[in-house]
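Below: the structure, in structure tokens.
The basis for the numbers below is simple: all heavy atoms, side chains too, and nothing from hydrogens, waters or symmetry mates.
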2 protein chains.
Amino acid sequence: MEGKDLRKAGLKVTLPRLKILEILEGGNVRHVSAEDIYKRLLETNEDIGLATVYRVLTQFEAAGLVTRHHFEDGMAVFELNHGTHHDHIVCLDCNRVEEFVDSGIEDRQTTVAERLGFEIRDHSLILYGRCRRPGCPSRKS
Amino acid sequence: MEGKDLRKAGLKVTLPRLKILEILEGGNVRHVSAEDIYKRLLETNEDIGLATVYRVLTQFEAAGLVTRHHFEDGMAVFELNHGTHHDHIVCLDCNRVEEFVDSGIEDRQTTVAERLGFEIRDHSLILYGRCRRPGCPSRKS
DNA sequence: ATGTATGCAAAACATTTGCACCTGG
DNA sequence: CCAGGTGCAAATGTTTTGCATACAT
């Protein structure tokens with residue numbers, strides 16, 4: 001029984017919340033938009049409204065289960081929190097997203113914040129570039 | 001005559017573009033939304049439509065005159081490019097924005113991107129925290 | 001039972017676009 | 001004069017909300 005995570009987060013265990021959590025856990029894609037999830041639900045013939053998807057994702061975020069990111073296309077994407085913090089690098093051509101952690105960067109962020117008199121609470125670091133892997137459109141040039 | 005910047009950017013010198021550039025240069029606020037600029041124009045009794053503000057800002061961005069940022073509220077803010085690159089730290093309580101540059105962070109970003117096989121083109125680093133300065137609401141606690 | 005969650009449709013919001021008119025060079 | 005710029009209104013795309021109904025505990 002996997003409703004544990006939900007109950008532990010103080011959320012009533014309902015079918016929409018279970019299904020959405022399931023999709024987030026279904027590892028094939030780590031960063032999904034509300035619309036992505038909604039489409040996935042339709043494919044599985046689940047009768048769940050888009051509004052509910054947004055509501056549930058917002059609750060999950062408040063409960064610390066997921067993180068909301070704003071990549072530069074403006075549309076929000078959500079990612080299941082698997083404990084470890086990490087930053088992102090996004091390919092401008094194929095939209096592939098890789099994750100990384102660099103303790104040097106993390107440390108210096110804290111130092112910089114202190115120097116400016118801030119008590120740091122969070123940060124968002126996104127690198128943009130070209131990955132030029134097989135399958136990436138930038139390869140064609 | 002200040003239309004020089006515009007003409008140099010390959011843009012026809014028109015009244016809306018001049019007025020908007022003027023507001024961006026009017027140093028009191030460095031990060032403004034399209035709506036902010038529109039309101040400022042209304043206060044000055046300029047008859048410029050919101051659509052034009054968006055169009056002009058997009059052109060300015062394409063011309064490299066301004067940079068568009070997505071802070072975490074989702075609404076885009078624009079900032080005049082004064083040459084030097086910098087990152088941002090935003091106070092979660094009073095929304096004050098400070099700028100900083102840390103060459104250590106910059107260097108490691110390049111290193112990380114290379115390690116992951118990316119040719120880095122740009123990045124967005126935003127720290128979030130509490131500044132606890134006089135006038136900052138977090139002070140009241 | 002009862003308070004909360006959901007679905008649907010409509011609202012709200014930021015941003016973009018179509019089109020007739022105006023303006024800068 | 002004429003290509004390009006602008007205002008207005010309407011369209012778009014994403015996210016939120018109101019409300020009557022359905023569900024978990």
>> Testing the basics here: between A:Cys136 and A:Cys91, what is the closest heavy-atom pair and its distance to 0.1 Å?
In response: SG-SG, 3.7 Å
> Hey, what do you get for NZ (B:Lys39) to CD1 (B:Ile23), rounding to the nearest 0.5 Å?
Replying inline: 12.0 Å
> Would you say the side chains of B:Asp107 and B:Thr110 form a donor-acceptor pair under 3.5 Å?
Replying inline: no
> Parallel, tilted or perpendicular: which describes the rings of A:His69 and A:Phe71, with under 30° parallel and over 60° perpendicular?
Replying inline: parallel
> For DNA chain D, which residues in residues 43-54 of chain B have a heavy atom at a distance below 4.0 Å?
Replying inline: B:Asp47, B:Ile48, B:Gly49, B:Ala51, B:Thr52
> Roughly how bent is the helix from C:dA1-D:dT25 to C:dG25-D:dC1 end to end, in steps of 10 degrees, with each end axis from five pairs?
Replying inline: 30°
>> Are the side chains of B:Glu46 and B:Glu22 in contact, using a 4.5 Å heavy-atom criterion?
In response: no
>> Whole angstroms only, please: what is the CD-C1' distance between B:Gln59 and D:dA3?
In response: 14 Å
> Hydrophobic clusters join Ile, Leu, Val, Met, Phe, Trp and Tyr when side-chain heavy atoms are under 4.5 Å apart, directly or via other members; which others share one with A:Ile89?
Replying inline: A:Phe100, A:Ile105, A:Val112, A:Leu116, A:Phe118, A:Ile120, A:Leu125, A:Leu127, B:Ile89, B:Phe100, B:Ile105, B:Val112, B:Leu116, B:Phe118, B:Ile120, B:Leu125, B:Leu127
> A:Met75 has an atom CE; how far is it from atom P of D:dT15, in whole Å?
Replying inline: 7 Å
> Does the pair B:Leu6 and B:Thr14 meet the rule for a side-chain contact (heavy atoms from CB on, under 4.5 Å), with working shown?
Replying inline: CA-CA 9 Å; B:Leu6 289 176; B:Thr14 66; over 6 Å; no
> Nucleotide by nucleotide, 5' to 3', does protein get under 4.0 Å of the base (B), only the sugar-phosphate (S), or neither (-) in nucleotides 19-25 of chain D, counting heavy atoms?
Replying inline: -----SS
>> In the structure I gave you, are the side-chain heavy atoms of A:Tyr38 and A:Val32 within less than 4.5 Å of one another anywhere?
In response: no
> Between which nucleotides of DNA chain C, 5' to 3', does chain B make heavy-atom contacts below 4.0 Å?
Replying inline: C:dA14 to C:dG25
>> Donor-acceptor check, side chain of A:Arg68 to backbone of A:Ala76, threshold 3.5 angstrom: yes or no?
In response: no
>> Would you compute the distance between atom NE2 of A:His31 and atom CZ of A:Phe78 and round it to the nearest 0.5 angstrom?
In response: 12.0 Å
> Looking at residues at least two apart in the chain, or sitting in another chain, which of them share a salt bridge (Lys or Arg N to Asp or Glu O under 4.0 Å) with A:Arg121?
Replying inline: none
> Is any side-chain heavy atom of B:Leu80 less than 4.5 Å from a side-chain heavy atom of B:Glu25?
Replying inline: yes
>> Quick one, B:Val97 with B:Arg30, criterion side-chain contact (heavy atoms from CB on, under 4.5 Å). Give me CA distance, side-chain angles, the key distance, then yes/no.
In response: CA-CA 9 Å; B:Val97 181; B:Arg30 302 223 357 95; over 6 Å; no
> Which whole-number value in Å describes the distance from A:Glu35 CD to D:dT16 C1'?
Replying inline: 14 Å
